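One structure is given below, encoded as structure tokens.
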Amino acid sequence: MRKKEGSMSEGLVWLNGEILDFASAKVSVEDRGFQFGDGVYEVVRVYQGKPFALMEHLERLQRSAREIELPLPLSLAELAAAAESLIARAGIAEAELYVQLTRGAARRNHLFPPDTPPTLVMTVRPVRLIPPELRERGIRVLTVPDERWARCDIKSICLLPNVLAKERAHRAGAFEALFVRDGLVMEGTSSNVFAWTGEELVTPIADHRILSGITRSFVLQLARQHGYRTAECDLPLAELRSAREVIIAGTVTELLAVIAIDEEPVGEGKPGPIFRQLYAAYRQMIAERVR
Ligand code: PMP
């Protein structure tokens, strides 16, 4: 059995300008996020009480919101200030900040509701830490058909395919599922994917088929700084299976080494030197930024 996570009192909620505990924060049953999945979101990692790459996340939220024609009710500076004060009030050093914007509460109707204020929610919770043994030993992944829509670049709250795929992976003893579309690897349910071929670090191009991950950009940047060639291009599943190393990356995940794909070992079946170097560089960069 999986354990229930955290008690309800751990953390704080910011709901349309008000700071509340989880038990008191309520949203209408007619919220369009609840009824239509009509909204966008972000997850930001908090290290030592400081949000990491907050502006990058808020800019991506702004882009997602624009793509679904939902104006942000606050400026990015106001949003950042609200997030920072919520984090400070919550007083949780190692946390995750969740930000969700929906098209508000209105009588159920597919059409955009006129004159309806959006619902903006932020929560701060203790981070779901990756067990150290997974970081050390690496993880298994399961490949699944990509049955999502054609705008995976928008960080939409409609996560049903991601939820189903992650559950399938878990039941198969894997940590993450990788979406495969037309024989090409796209990304994980909440992570981007990289393959080290021995010559270059390959990751799928950030077009409409995947989310342009913030961790992904840092990994590419760090890899180049360490003298590795990088390539953003199609990544056929066959190429992933024969890679020397496979890495997944995301905000909460950070970096993890993939040691098996559908039960078949990757490389030597253990985390490799590129993973170790990039993960150390990533942690170092965070330490410098949150100082
Ligand atoms: N792809 C998907 C589908 C995701 O949900 C996430 C997690 N936000 C990522 C990639 C990784 O993105 P980031 O590094 O910005 O967390």
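As the structure is a prediction and not an experimental result, all values here were calculated from the model. Indexing begins at 1, ligand by ligand and atom by atom, following the structure's order.
- Taking only nitrogen or oxygen atoms, main chain and side chain alike, Ser190 does not reach within less than 3.5 Å of ligand 1.
- Annotation for ligand 1: atoms under 4.0 Å from non-hydrogen atoms of Gly213 are 12 (O), 13 (P), 14 (O), 15 (O).
- Interface of Lys155 with ligand 1, defined as ligand atoms under 4.0 Å from a residue heavy atom, comprises 5 (O), 7 (C), 8 (N).
- Taking distance alone, with nitrogen or oxygen atoms compared against 3.5 Å, Thr215 approaches ligand 1 more closely than that limit.
- Residue Glu187 has at least one N or O atom closer than 3.5 Å to an N or O atom of ligand 1.
- For the pair His57 and ligand 1, the shortest N or O to N or O distance does not fall below 3.5 Å.
- Under a 4.0 angstrom heavy-atom cut-off, Val252 registers as lying outside contact with ligand 1.
- Less than 4.0 angstrom separates some heavy atom of Thr251 from each of these atoms of ligand 1: 13 (P), 14 (O), 15 (O), 16 (O).
- Criterion: ILVMFWY side-chain heavy atoms under 4.5 Å apart, direct or through other members. Under it, Val44 and Leu120 are part of a common hydrophobic cluster.
- Among protein heavy atoms, the minimum distance from atom 11 (C) of ligand 1 is reached at Asn192 OD1, 3.6 Å.
- Both tests hold for Arg125 against Phe22: distance to the six-membered ring centre under 6.0 Å, angle to the ring axis within 45°.
- Geometrically, Arg181 does not engage Phe179 in a cation-pi contact defined by less than 6.0 Å to the ring centre and at most 45° from the axis.
- Heavy-atom separations between Val43 and ligand 1 are all 4.0 Å or longer.
- At least one test fails for Lys270 against the ring of Phe275: distance under 6.0 Å to the centre or angle within 45° of the axis.
- To the nearest 0.5 Å, the span separating CZ on Arg148 from SG on Cys158 amounts to 12.5 Å.
- In this structure, Glu56 falls outside the shell of residues with a heavy atom less than 4.0 angstrom from ligand 1.
- Ring to ring, Tyr228 and Trp196 are close: their centroids are under 6.0 angstrom apart.
- Of the heavy atoms in Ser191, only backbone atoms (N, CA, C, O) come closer than 4.0 Å to ligand 1.
- Close approach of ligand 1 to Thr189 (heavy-atom distance below 4.0 Å) involves ligand atoms 3 (C), 5 (O).
- Across Thr253, Val219, Leu255, Thr215, a single residue satisfies side-chain contact (heavy atoms from CB on, under 4.5 Å) together with Ile248, and that is Thr253.
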Using atom types as modelled, flag every donor-acceptor pair under 3.5 Å from a side chain in residues 32-40 to any protein atom, sequence neighbours excluded.
| unit_1 | atom_1 | unit_2 | atom_2 | d |
| --- | --- | --- | --- | --- |
| Arg32 | NE | Asp38 | OD2 | 2.9 |
| Arg32 | NH1 | Asn109 | O | 2.7 |
| Arg32 | NH1 | Leu111 | O | 3.3 |
| Arg32 | NH2 | Asp38 | OD2 | 3.1 |
| Arg32 | NH2 | His110 | O | 3.0 |
| Gln35 | NE2 | Val29 | O | 3.3 |
| Asp38 | OD1 | Arg103 | NE | 3.1 |
| Asp38 | OD1 | Arg103 | NH2 | 2.9 |
| Asp38 | OD2 | Arg103 | NE | 2.7 |

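- Near Gly188, the atoms of ligand 1 lying under 4.0 angstrom from a non-hydrogen atom of the residue are 3 (C).
- A donor-acceptor pair under 3.5 Å is absent between the side-chain atoms of Ser24 and the main chain of Leu20, judged by distance alone.
- Considering CZ of Phe52 and CD1 of Ile286, their distance stands at 4.5 Å, rounded to 0.5 Å.
- Within the 4.0 Å heavy-atom shell around ligand 1 one does not find Cys152.
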